Amino acid sequence: MSHDSHSDRNHFTKEVHQAKNDLFEIGERILTGLLRSKNLLEIGRARSHRCKEEFVFGLEALVEHALRNARVFGDLSCRCIVPLRAKDFARYCQDLFVWVASAATEGTDATDSIPANRVQVAAGTPGVAWAEPVVQGFGRVTRPDGVRELVKVIGVQPPRYAGLPRTLSAGTSPQALRASGRIFMNANDRPTFGAAELGDRVEVDGRAGIVAGFFEGMDPHSPYYYLYANIDDARGMTDFLQDRVTYVAVGLEQGASTEDVKRRLLARNPDTTVLSRRDLHNAEIRYFLVRSPVGIVFGMGTVVAAFIGGAIVAVTLYSTVIDRTRDYGMLKAVGARGRDLLQLLMFQAWAFALVGFLVGAGAFFVVRHGYPNLPMRVSPEMLGAIALAAFLSCTLASLAAVRRVLTLDPAIVFKA
Amino acid sequence: MKNPALEGIGIGKVFGKDGLAVRALHPTHVALYRGQVLVIMGPSGSGKTTLISILSLVLTPTEGEVRVDGQSLRNVSSDGLAKLRRDKVGFIFQQFNLLAGLSALENVAIPLLLRGTAAKERVARAKCALDLVSMGDRANAKSRLLSGGQQQRVAIARALVADAGVLLCDEPTASLDGQTGRSVLDILQRIARDSNRAVAIVTHDERVLRIADRLIRVEDGHAEESEVDELAKRRSA
């Protein structure tokens, strides 16, 4: 990857970061407007002019922000979703690569090494533009307070440094790894290493590494640190065998089909597995969800939380219906049809869902804004899925209340 | 005599089945005419509530049929019955049954809301109905803050707002003091006479006879219309 390309990317990353910060600020402003009002209706009724003004100001700012950052998000869409610009498209295609790894690979934490000559085999495969080795191994890093902890050292090779994170911090150039004994550190880990700065010394199993740069946007759940080094230093720090590599990163020729190249690579390296970037991504998620406690812990946590949340909504709605049996009876007596009452209950259930979602999402963004180092990420798709789940669970939770109301005998209104 | 606004022809009700069956109302004929106040009296457990529940279309009789403006309700669906209640019948309950969190105006507008009437028209008509019961000045007061008499007036306004031809009142004076009760009865009599509506009042309260045009006595599930002479005698008593 060229230096210009990285510089462009860093600049672009900064713009996106700034745009996101602006968005959080606006979100907070809107939330403040909402929280300061006694209830949502007051905004609509404009009883609280100050709240309304803050709310409207927030919305205006949101629109202004959207317009101001349209180019940034547009650019993001161009790169990630609709690669309209030919230059970007070409660069995007050049960046596409697949990984050749051990057949035993389940994820980046569960893999084995393969012979180093696979790099040459891959490089000679039709449709392949380049192939570079990547090694990964573990060592013990000594923190400034003397504590030794596990570290995963990933070794990459010039000229492309395939395997490096795509979001290097401002001022960090991959070229810095050309020199021997240089390492890149996760920017999130800097506080742990005594507010590490460029030029600081870090020891991995007795071998010194000089911090030559930082990377961002990588928030691993693993209980160890990540360091990047050039491939020779990484081998030295982790006692990795010279004739083995962990992965072969393969760049595709322009216009080459990923699936075709994968097939050819597999044919030439039958004792390996060939993974596209998406395959590796999916394998990693699958590994964490199925093979590590993360999936069970978070999965069970989520299921239990959803169950408890649903139960709370169900009990609240049902007890509200019980408390207001006469009111519902009166409504039925004066002519409310089943669908009218259903609408009324659904409105309440969805109000629960909306409030729950807004509080949950608001808390998430506030915490993330307050503690930017926490590894908290959410995609728009995930937010949408959570909102949908909240609405579905509240709908399900309202079923008992709905049944109670629909089967209610309106004649109860004539009983004293 | 004109056609009845609401009529129960041979209506009777048995709750339960087989050995557990309990007869609450023997087959009886009840007709409600516009411009008249019909009073239904009887002791507790006599079948009054069953009768008014059937007449108000919330309970289906096991015998006979109910007709509204001459239309039989034998094969009408539950949604159809709800629509008829909404459009043809106004209710006044002993416990007022106002929604505590809503204002008097919002309570009165409920039947119109269920009809899908536009907001502007809803407010205008609800205000008119409140004016009819002299509650226009308390339109924006929360119903829970109103006195019993005021709540009953709001309930009457709610029954009137949809222009229903029939008003069914269940013990409308039972929760009110003497003076307030009298004023509520005056309003009901005025509604029957001036608005040409059929008003039926189920009550224990002998004072209601003051405004009655007809009287039906219910005892042990048997409903029987009393002679006008008897009514006059009881009135004078």
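Everything numeric in this text was worked out from a predicted model, so none of it was measured. In what follows, every chain begins at residue 1, and chains take the letters A, B, ... in the order their sequences are listed.
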When rounded to the nearest 0.5 angstrom, what is the spacing between OG in Ser77(B) and CZ in Arg337(A)? 10.0 Å
Contact list (residues 401-411 of chain A to chain B, heavy-atom gap under 4.5 Å, by number) returns Asp409(A), Pro410(A), Ala411(A)
Any chance you could measure Leu99(B), atom CG, to Met330(A), atom CE, to the nearest 0.5 Å? 4.0 Å
Under 4.5 Å from any heavy atom of chain A - which part of Leu57(B): neither
Relative to chain A, which segment of Ser56(B) carries a heavy atom at a distance below 4.5 Å: side chain, backbone, both, or neither? side chain
Among residues 379-396 of chain A, residues within the sub-4.5 Å heavy-atom range of chain B, in order of number, are none
Of the listed Ala333(A), Gly329(A), Gly338(A), the one with the largest count of heavy-atom pairs under 4.5 Å with chain B is Ala333(A)
Could you look at Asp340(A) and say if it's the side chain, the backbone, both or neither that has a heavy atom under 4.5 Å from chain B? side chain
So does Arg324(A) have more than 12 non-hydrogen atoms from other groups sitting under 6.0 Å from CZ? no
Neighbourhood of chain B inside residues 305-317 of chain A, taking heavy atoms under 4.5 Å as contact: none
I need the contact set between residues 110-133 of chain B and chain A: heavy-atom distance under 4.5 Å, sorted by residue number. Ile110(B), Leu114(B)
Distance in Å, Leu331(A) CG paired with Asn97(B) CG, rounded so as to fall on 0.5 Å steps: 9.5 Å
Is it the case that atom CG in Asp323(A) sees more than 12 heavy atoms from other parts of the structure closer than 6.0 Å? yes
